[in-house]
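What follows is one structure encoded as C-alpha cells, with my remarks underneath.
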Amino acid sequence: MSVEILSKELINFDDVARSCDSDTTWYLGPFDHLLHPYVPIATLFLYKNVQTSQDSALCLGNLRIAIRRVLSQYFHLSGRLKVNQSDQTVEIDLNNAGIGLFSATCSLHLSDFADADQLSLMALPGQGNDLLPPFSPSPETLSDYPLLTVQHTRFKCGGVCLGVRIFHCLCYAEGFFQLVQDIARQYDAALNETDAALEPAHLKSVQFCDVLPLSYEPLMFKANNPAESILSDKTMDSIVYPSPVVTGKVLHFSREQLDQIKRNANEGALETSKHISTFVALTSHLYQRLYLARRQLATTRGWPTLEALSSDILTPINWRRADRLSLPPRYFPNAVLTTTMSLPPDELAEASLSVIAQRWHDRLGGMTPADARQTLAWITAQPNKRCIVPKFRLQHGGFMISQWSNIPLYETATFGGAVPVLIAPPFTTISTIDGLGYILPSAPQQSDGSLDIYLALDADVWVVLDQDGEWIPNVVVPAE
C-alpha cells in the first residue's frame, strides 16, 4: 500500500466558558432526522505543491491551528453521536471528545495518478479511499467515532490531499463546504500569523412543530411499520433476484454535450412551458437512459416480470433559499428534502426527453413552502424517526442524484492561495449503491462549464450503457 498513516490525534475546543456550559446534549432537527446516523459525507481535496519547500504546501501544523480555531464556533462537532432510544432520534453528547486529525504519507507522486495531466479519482490509492480517514461505525461503536475527521496525506512530490469526512446527519453539502471554507480562512490567518474573526454561522437546527390534522400525509415521505425493513418492497416478495456487483465510474460531460442535451430537452416545448434547466435536462436524460439499460438487462436475464424494476428518480432540494423557507444566513445543519417521481414504465421508456424533462421540472416545483413546513412538522411528530422513508423504490432501477455543481467548491477550499486541482467524493463502501450519483463541476483546469458525474451502477448495466450511443451524446452543432 502506497499510503501510510503516521499519526492520529484528537483536537478539542478550549473555550473554558463553553466547557462549563450546563447543556450536555445537542439536539438535531427534522431535516437531520431523515439521515441515517451511519451515513457520512466524504470528500477529497487534492493540491499540487507550488512552494519551493516540499514541506510548506498546506502545512499540517497550520491546519491543526485552523481546526482548533474553528472549533471555538462549531464546538458541538467535538462531541459524539448517541441515539435517543425513545424515538430513535440522533443527538450529540457534548463531551468534547474531539475531532480526529490523521497524518499520512504517500510514497508516490501526484503525477503518478494523472491521465494527460488530469488527476483521476479512480487512479488514486484505493480509488481515493486510502486518502480518507478510517471509518467503520456500527451500533456498538457509533459513539466512539469523531463527528468530523480529516486526513492530511503528503505525496512524495510535496502535494497534499485532505480527506474530510463528517456525519451526514449533521449537515448537507452546503454546510459541509461552508465548514471547509471556514477552516481554510483560519488556515490563511495562521499562515500569516494573524487572528481572523470567524464569520457567525447558524448552528442550531430549526424546529417545526406546526399542528397537523391526524389524516395528514406528506407528499414525498411515508412512515414504514417498525417491523418492516426500510428497504422492503412488496412487489419483489415473490421473486428472488441476485444482488448486483456495483461499481463506480466518473463520467465527463463537456459544455457542448450538456448544451446538446438541454436543446433536446427543450425541443418541441410549448411557448407556455417553462424553460428546462441544464440540471433538469441532464438528470432526465440519465434517468431515461438508465431505465432503458436496466429494462434491456432484465429482459436478457430472463426476469419473469418487469414490474419490480423501479422507474423512480430522487433528488435532494435545498430549502434554505429566501423563496422557500428563508432559513438564516450561513445555516450549517441539513436543509434538504428529497423530491421523488415515478413515471409509468412505458412512458419512461418511450416518451421524448422533452416530455420527461417537463414532468420532472413540474415535479421539482410541486412542493410549496407550506407543504415543506407541514412535512417537517410531520417528521417531528413521528414516534420512531427511523421508520421515515422517501416514497421511492431503491431496488432494481432507482436513480438518486445529488447536485453539487451549484456550489462554488473550488473557491471554498483554497488554502494559502492553493486552489485544489481536484475535489471528488470517493466510491466508499457506504456510497457505492446501485443508482446513486453526484454532479460536480469539473476541475478548474477545465473551467468551461463542463460537469463530472460520480455514478455507481450494477456492473452489467455499465456494459449495456457502453453500447448506448445516446448515453453520452455526440454533439450536433445547431444550424444558424
Side-chain donor-acceptor contacts of residues 165-175 below 3.5 Å, not counting sequence neighbours, with atom names and distances?
unit_1	atom_1	unit_2	atom_2	d
R165	NH1	P133	O	2.3
H168	ND1	C171	O	3.0
E174	OE1	N318	ND2	3.4
E174	OE2	N318	ND2	2.8

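- Under 4.0 Å is where a charged nitrogen must lie from a carboxylate oxygen, and between D188 and R69 no such pair does.
- Contact detail for L440 and A424: the closest heavy-atom pair is CD2-CA, 4.3 Å.
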Decide side chain to side chain contact (heavy atoms under 4.5 Å, CB included) for F332 and Q178; before the verdict, give the C-alpha distance in whole Å, the side-chain angles of both, and the deciding distance to 0.1 Å.
CA-CA 7 Å; F332 174 70; Q178 172 184 302; 4.1 Å; yes
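- Nearest heavy-atom pair across T340 and R363 is O-NE, 2.6 Å.
- Judged by distance alone, with hydrogens and angles left aside, the side-chain atoms of D112 form no donor-acceptor pair with the main-chain N or O of L108 at under 3.5 Å.
- Aromatic ring centres of W319 and F31 lie farther apart than the 6.0 Å criterion allows.
- For residues 415-443, the set of pairs meeting the salt bridge (charged side-chain N to carboxylate O under 4.0 Å, His left out) definition, not counting sequence neighbours, comprises R294-D434.
- A search for side chain to side chain contact (heavy atoms under 4.5 Å, CB included) contacts involving P333 returns D32, S205, Y331, not counting sequence neighbours.
- Note that OH of Y74 and CG of L77 are 8.5 Å apart. Values are rounded to the nearest 0.5 Å.
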Atom pairs and distances, donor-acceptor, side-chain atoms in residues 276-291, under 3.5 Å, two or more places apart:
unit_1	atom_1	unit_2	atom_2	d
S277	OG	V280	N	3.2
T283	OG1	F279	O	2.7
T283	OG1	V280	O	3.3
T283	OG1	W360	NE1	3.0
S284	OG	V280	O	2.6
H285	NE2	E470	O	3.2
H285	NE2	W471	O	2.8
Y287	OH	S311	O	2.5
Y287	OH	L343	N	3.4
Q288	NE2	L348	O	3.0
Q288	NE2	A351	O	2.8
R289	NE	D468	OD2	3.0
R289	NH2	D468	OD1	3.2
R289	NH2	D468	OD2	3.3
Y291	OH	R295	NH1	3.2

Under the salt bridge (charged side-chain N to carboxylate O under 4.0 Å, His left out) rule, what do R301 and D458 come out as? Steps first, then yes or no, please.
CA-CA 13 Å; R301 286 172 169 173; D458 179 338; 3.1 Å; yes
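- The line from CE of M220 to NZ of K391 is 9.0 Å long, rounded to the nearest 0.5 Å.
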Worked check of side chain to side chain contact (heavy atoms under 4.5 Å, CB included) between T338 and F221:
CA-CA 9 Å; T338 54; F221 296 89; 3.3 Å; yes
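- The shortest heavy-atom contact between S405 and L451 is CB-CD2, 3.6 Å.
- Considering only heavy atoms from C-beta on, I379 comes within 4.5 Å of L34 through its side chain.
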Quick one, L364 with I317, criterion side chain to side chain contact (heavy atoms under 4.5 Å, CB included). Give me CA distance, side-chain angles, the key distance, then yes/no.
CA-CA 8 Å; L364 289 171; I317 298 295; 3.8 Å; yes
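- By the 4.5 Å heavy-atom criterion applied to side chains, L60 and L101 are counted as neighbours.
- A distance of 10.0 Å separates CD1 of I67 from NE2 of H152, quoted to the nearest 0.5 Å.
- The backbone N or O of E4 sits nowhere less than 3.5 Å from a side-chain atom of T105 that would complete a donor-acceptor pair.
- Heavy atoms only, all atoms of each residue included: E199 and Q73 are closest at O-NE2, 3.2 Å.
- The side-chain hydrogen bond (donor to acceptor under 3.5 Å, both in side chains) search around R80 returns none, not counting sequence neighbours.
- At a threshold of 4.5 Å between non-hydrogen side-chain atoms, the residues V160 and F415 do not count as touching.
- Interatomic distance, CD of Q151 versus CG of L162, reported as 10.0 Å (0.5 Å rounding).
- Side-chain rings of Y454 and Y438 stay apart, their centers remaining 6.0 Å or farther from each other.
- When all heavy atoms are compared, the tightest approach of I11 to S78 is O-OG, 4.1 Å.
- Contact between N406 and Q403 at its shortest, heavy atoms only, is OD1-O, 3.3 Å.
- Remark: F399 CZ to L455 CG distance equals 6.0 Å, nearest 0.5 Å.
- For the pair P426/Q127, no side-chain contact is recorded, criterion being any heavy-atom separation below 4.5 Å from C-beta on.
- Counting heavy atoms from C-beta on, the side chains of L132 and T428 come closer than 4.5 Å.
- Using modelled atom types and a 3.5 Å distance limit, the side chains of D448 and S450 yield a donor-acceptor pair.
- K249 has its side chain out of reach of F427: every pair of non-hydrogen atoms, C-beta onward, lies at least 4.5 Å apart.
- Residues Y145 and S136 have side chains in contact (heavy-atom distance under 4.5 Å, counting atoms from C-beta outward).
- One finds the NZ atom of K8 at 9.0 Å from the OG1 atom of T149 (value rounded to the nearest 0.5 Å).
- Residue pairs meeting the salt bridge (charged side-chain N to carboxylate O under 4.0 Å, His left out) criterion with at least one partner in residues 135-147, sequence neighbours excluded, are absent.
- The shortest distance between side-chain heavy atoms of F113 and C106 falls below 4.5 Å.
- Residues D259 and R255 are paired through a salt bridge, judged by an N-O separation under 4.0 Å between the basic side chain and the carboxylate.
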Dump the intermediate steps for side chain to side chain contact (heavy atoms under 4.5 Å, CB included) on F177 and I41, then the final yes or no.
CA-CA 10 Å; F177 286 102; I41 298 174; over 6 Å; no
